[in-house]
Structure formats: structure tokens, C-alpha cells
Amino acid sequence: MTTVDLTPAAAAAVDPAGLSVWPASTLPLPTGDLAVGGVPLAEAAERFGTPLYLLDETEVRTRCRTYAHAFPDADVRYAAKAFLCRTMARWVTEEGLGLDVCSAGELELAVAAGVPPERIVLHGNAKSPQDLETALRLGVGRIVIDSPAEIARLAAAAGAGRVRPKVMVRVVPGIAAGAHEKIRTGTGDQKFGLSVADGSAQHAVARVLAQPDLELAGLHCHLGSQITSAKPYLAAVRRMVGLMARIRDAHGTVPPELDLGGGHGIAYRPGEPALDVPALARKVRTELIESCAAAGLTVPRLVIEPGRAIAGPAGVALYRVLAVKRTEAHTFVAVDGGMSDNPRPALYGVRYAPRLVGRRSDAAPAPVTVVGRHCEAGDVLAAGVPLPGDVRPGDLLAVPAAGAYHLSMASAYNLVGRPPVAAVADGAARLLVRRETLDDLSSRDVGR
Ligand SMILES: *Cc1c(COP(=O)(O)O)cnc(C)c1O
């Protein structure tokens, strides 16, 4: 992993206003507040309450376009698990992207929101009968096989329904990449995919080819998440093309598509690296053409599945400070959300760069630990971050790069209720997902 100098001085040198990890529309206001999508954050907090998530529509669309331009002859499928609601599905579809889903639930929502089923790919290391039934009924574009048993199950279900689904085989190419052990999926000995090293990928390919009810559309791999260098992707291209050549030699046929998954890294704090998408596209294309030429293969159609890199930087979380506690060694600033709306710090130890918004402060910055309101000591949003020394209850804190893997992983922990999501664009805010109420929560509790 790249080592980054994240001292305040180093960060300030590259990004004096500290806004590099904010949506491009972000503007400092004379009041000391920030506006995102033309909407002052304090105004949004007042209108929708806190905790609140804002999604900058222009940022989402711009990021979709960056991918579409960088990969003009590839299929770009937004990984819905990063964040999904009907409007998000509509935005990415309008920008020409498809969707990567991993459950019947995500799939039903996507199709109901108008995503053309043929642009959807279904993943999952343990697809339920309902997942497969829904995929066949709605006619998804690709189903990614992730275990041997799935092949016969899917073939049987497809044969009964007289459709011939296009499938991909999820391959473990044996490449370690990603910012944390829990998000590395490109190597053996984890639950995803079928290994090239032990031959289970080759075996699965042979079994799919032997199934008249299935069509082998391609090979898939997903190396992990929060990858900031193109190198692992280039290594993956070489391994996957090598596997395609072996498939041709063994079976006389070559799967026409190569899906390289997602995992494109973003900066959460000023000074952190992000994956350069246009550079990735150029390098992958060159590597693919060269590897295929060397192996005597036709270049397969490329598919990529970015999630975080589309939704993450477009989201901002807004919290109200509820308590400030000074111990001998630390100042704890506790906010009205936490691990129930953002489990990432507790899961992977990631840290954010919250900042005071909504008012001006001339107090000298001092390091604090921003914590959530939940009954877990690990409910820490950010440690050692500088906030104005006069930070106090009632203040607003905003957290950038909050659009991916927050709300999609949110829980009902402590029955706090999941926050609403509002879209901001051109000076207007509108609610996309309303706040989860106590009535929502208690309506499921049907025992007596
Ligand atoms: C999670 C996932 C993605 C997206 O990962 P990001 O890190 O959000 O880009 C893409 N493909 C598959 C199969 C995934 O599991």
C-alpha cells in the first residue's frame, strides 16, 4: 500500500482549502458554511434534519461520464452495492451505464427503476434460489457463476424456463490488491470465485461449456477494493488472457467478454491517492491488445464494474454535534450518527476528514476524536483530526467521500433509524430516501 504523508502540513500543501475530496461543486461561503450543488449545508441540515446524507447529482453524472469516455468500447456497470436507490439507478442508466447487483432485492429495485435488464449483471458467492429465479424471470444480461454447484442449479432452472442465460465464470486470478485484508478478493483462500491455481476455474468453464442450457459469455475477476494503482489490473489482464488461451486450446472456443470487476480507489482525506481512471483505461487497453496478440486471441469485449469511484466522492454526510468531552489525553466530539450509518471505520479501520460547517470559527484548530453515538468503543469516525478549538454541541460536522458503502451497509443498531438521502443540484435539494422512523422499525416487531 502507498504510504501517504497525511500530516496537516502536507495535506495543506497539496490542498490549501481542504476541498479536494469534496464534490467539484463545493464552494466555501462567507458565513463559514459550505455549499454543495449550490445548497448550503446548514440549510440542508435544517430542512431534512441530521444525520443526513447528500448526494451531488452532477458529481455522480460526471463520474459516470468519465468512465464512459475513458472506456468507450467497454461496458461499464455501476456496482449497486456501493449505494442504490431508484434515482441513483436512473442517473447511471441515463449516463449509459449498466448495473452490477448481488441479490434479488437489488435486481428488483433496478428493474423497477427502469434499468434495462440486459444491462444488469448478477453476482453473489451464494445465490439463493430466489436470486436465480428473479434473474431468469427478469432476463438479466449476465449471471456470474461463483461456485460449481451453481452451474447445474442454474442450468436446471434455465432449462425449465426455456431461456438460455449468458453466464460468466468468476475467476480468482491469484493477485493481491486492495487497501485492507477484508476487501481483498483476488487471491485464494477467501470465499469468492474459482481459483486458476487449483484448476477449479478451468473445471467450471468446462462444465458450463458442457451445459446446452447455458451460454458462456465471458470470464470475470474482481481483485478487491480501494485499489489506487493500475498495476494489479494489468497483472489480472495477463492472467485472464492466459486463461482464455488455455480455454481455446482445450475447448476450441474463447469466451467473448472479459470483466475486470471494480475496486477503483478514491481519496477519503486530502492528500490520499485515488486511482487515475483515464490512465487505467489506456494501460488496460494496451495490455489487453498486447497480451491477446501474443496469445493469438481476438481482443475480448471489456467490462468494468466501478462502485465506490462513482458514488463515494458524490456523497456528504452531515451530523450534529451532541456532546464534547475532554479527557486528559483527548477531546471526544460525539455526533448524532455513527456506525449505524457508516460501519466502515469499525469494519476496516478507515478514517475520514470531517470538518466544521454552518458557522465561521476563528478558534485555533486542535486535534479531536470524532465519535458516533453508538454503544461501541469502536464507533470512531475520525481520530486526531483538527477541528476549531471552540467546537461545541449544536455544531454541524460534514464528512466528504461519504457516498459509498455507508447507507448500503447501514443498520438499525440501537434503533436510531437510518438517515435520509437528499439529492443536491443547481441550488436545489430534494429528498430521495426518507428517514427511517421508529414506526418503520417497530412495524416489523410483530411478537407480543
Ligand atoms: C464490490 C464489487 C464491485 C465494486 O467494487 P468498488 O470497490 O466499489 O469499485 C465490483 N464488482 C464486484 C464483483 C464486487 O463485488
Side-chain angles (χ1 to χ4, degrees), residues 1-6 11 14-15 20-23 59-60 63 66-67 70 76-84 100 102 123 125 172-187 190-193 220-236 259-281 283-284 304-317 339 341-354 378 380-383 399-410:
M1 195 182 139
T2 331
T3 324
V4 190
D5 185 356
L6 278 174
V14 290
D15 178 18
S20 61
V21 294
W22 285 74
E59 186 73 26
V60 171
R63 287 177 173 271
T66 298
Y67 275 100
V76 185
R77 291 172 176 148
Y78 167 64
K81 72 179 194 277
F83 173 72
L84 183 65
D100 146 355
C102 48
H123 284 283
N125 71 301
V172 179
I175 293 160
H180 189 285
E181 192 195 330
K182 288 185 189 163
I183 53 176
R184 284 183 197 150
T185 54
T187 51
Q190 44 84 35
K191 70 174 186 171
F192 292 104
H220 175 280
C221 67
H222 173 71
L223 303 179
S225 276
Q226 195 51 8
I227 299 167
T228 53
S229 148
K231 275 202 187 124
Y233 293 100
L234 305 182
D259 189 332
L260 291 178
H264 309 164
I266 63 168
Y268 282 91
R269 294 181 290 174
E272 284 180 355
L275 186 66
D276 179 342
V277 173
L280 174 78
K283 291 175 183 172
V284 162
I304 53 160
E305 304 170 336
R308 180 191 322 268
I310 286 176
V316 172
M339 65 192 294
D341 64 86
N342 177 10
R344 298 187 66 253
L347 274 175
Y348 319 130
V350 287
R351 291 292 181 256
Y352 288 82
V380 174
L381 207 51
V399 180
Y405 303 108
H406 284 215
L407 291 183
S408 61
M409 299 176 106

Exercise. So do Q226 and Y268 actually touch side chain to side chain, heavy atoms under 4.5 Å?
Worked result: yes

Problem set entry | Where P273 and T228 come nearest, the two heavy atoms and their spacing | O-CG2, 3.6 Å

Problem set entry | A274 versus A267, closest heavy-atom pair with distance | CB-N, 3.9 Å

Problem set entry | Nearest heavy atoms of G307 and Y78, plus distance in Å | O-CE1, 3.5 Å

Problem set entry | Non-hydrogen side-chain atoms of P173 and L223 separated by less than 4.5 Å | yes

For this session: Measure the shortest side-chain to side-chain distance between L381 and P345 over non-hydrogen atoms and say whether it is less than 4.5 angstrom.
Result: yes

Exercise. Ring centroid separation for H264 and Y233, is it under 6.0 angstrom?
Worked result: yes

Exercise. Would D100 and K81 count as a side-chain contact (heavy atoms from CB on, under 4.5 Å) if you check the C-alpha gap in whole Å, the side-chain angles of each, and the deciding distance to 0.1 Å?
Worked result: CA-CA 8 Å; D100 146 355; K81 72 179 194 277; 5.6 Å; no

Problem set entry | Heavy-atom check, side chain of L234 versus side chain of V284, under 4.5 Å | yes

Problem set entry | Centroid-centroid under 6.0 Å between H123 and H220 rings | yes

Exercise. A401 and Y352: which non-hydrogen atoms are nearest, and at how many Å?
Worked result: O-CE2, 3.8 Å

For this session: For residues A346 and M339, report the shortest heavy-atom separation together with the two atoms involved.
Result: CB-CE, 4.1 Å

Exercise. Can you tell me how far CG of L275 sits from CZ of R308, rounded to the nearest 0.5 angstrom?
Worked result: 11.5 Å

Problem set entry | Straight-line distance of H222 NE2 to I227 CD1, nearest 0.5 Å | 7.0 Å

Exercise. Between the main-chain N or O of A309 and the side-chain N or O of R63, is there a donor-acceptor pair closer than 3.5 Å?
Worked result: yes

Seminar exercise, completed: When every non-hydrogen atom of A314 is compared with those of V60, the smallest separation belongs to CB-CG2, 3.5 Å

For this session: Could you check if a side-chain atom of C221 sits within less than 4.5 angstrom of a side-chain atom of V172, using non-hydrogen atoms only?
Result: no

Exercise. Taking the side chain as C-beta and beyond, is there a heavy-atom pair between S408 and L84 under 4.5 Å?
Worked result: no

